[in-house]
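Have a look at the structure below, then the notes.
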Amino acid sequence: MSIVKINAISVPKDKQERFEERFRGRAGAVEATEGFEWFELLRPQEGTDQYLVYTRWSSEEAYRAWESGQDFARAHDGGGSDLAPAASDSHHLWSYEVLESTGPKSGTV
């Protein structure tokens, strides 16, 4: 089964627009990474300033290969002076193993 990595990142209200802009402008290299299955950026709706960055991988080894590679380093370098970091240093990386997964049934509207 797949594994999921969720990075919970606290982003102050006044920096959220910039944070989202950085993700819209990301290079997208992760999509071509061996073992990558899914990416989602989740915006908080109420009660928190934590964004969730959700990625799903075929295995822990696939994630570790991405994490130790140059594409990961480029994606997480802060974007240089043009894309100054918008998030605080407050973040947590959570790891989960997918035990069960489902989607819509065929023919369901």
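Predicted, not measured: the structure shown is a model, and the values here were computed from it.
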**Request:** Report the C-alpha separation of Phe39 and Val53 in whole Å, then their side-chain angles, then the decisive distance to 0.1 Å, and conclude whether the side chain to side chain contact (heavy atoms under 4.5 Å, CB included) test is met.
**Result:** CA-CA 7 Å; Phe39 163 86; Val53 181; 3.7 Å; yes
**Item:** Pair Ser59-Trp57, side chain to side chain donor-acceptor pair (under 3.5 Å): steps then yes or no
**Value:** CA-CA 5 Å; Ser59 67; Trp57 301 86; over 6 Å; no
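Minimum interatomic distance between Gly35 and Ala62 (heavy atoms only, all atoms of both residues): CA-CB, 3.8 Å.
With sequence neighbours left out, Phe23 forms a ring-ring contact (aromatic ring centres under 6.0 Å, His included) with Phe19. Take Glu37 and apply the side-chain hydrogen bond (donor to acceptor under 3.5 Å, both in side chains) test, not counting sequence neighbours, and it matches Ser2, Arg56. Applying the salt bridge (charged side-chain N to carboxylate O under 4.0 Å, His left out) rule to Glu60 yields the partners Lys5, Arg64; only residues at least two apart in sequence or on another chain are considered.
Contact annotation: the side chain of Gln50 approaches that of Ser10 to within less than 4.5 Å [non-hydrogen atoms, C-beta and beyond].
Interatomic distance, CZ of Phe36 versus OG of Ser58, reported as 11.0 Å (0.5 Å rounding). Residue Thr55 holds its OG1 atom at 11.5 Å from CG of Leu41, rounded to the nearest 0.5 Å.
With a 4.5 Å cut-off between side-chain heavy atoms of Ile, Leu, Val, Met, Phe, Trp and Tyr, the cluster of Trp94 takes in Met1, Val4, Ile6, Trp38, Leu42, Leu52, Tyr54, Tyr96, Val98.
Applying the salt bridge (charged side-chain N to carboxylate O under 4.0 Å, His left out) test to every pair with at least one member in residues 39-49, sequence neighbours left out, gives these pairs: Glu20-Arg43.
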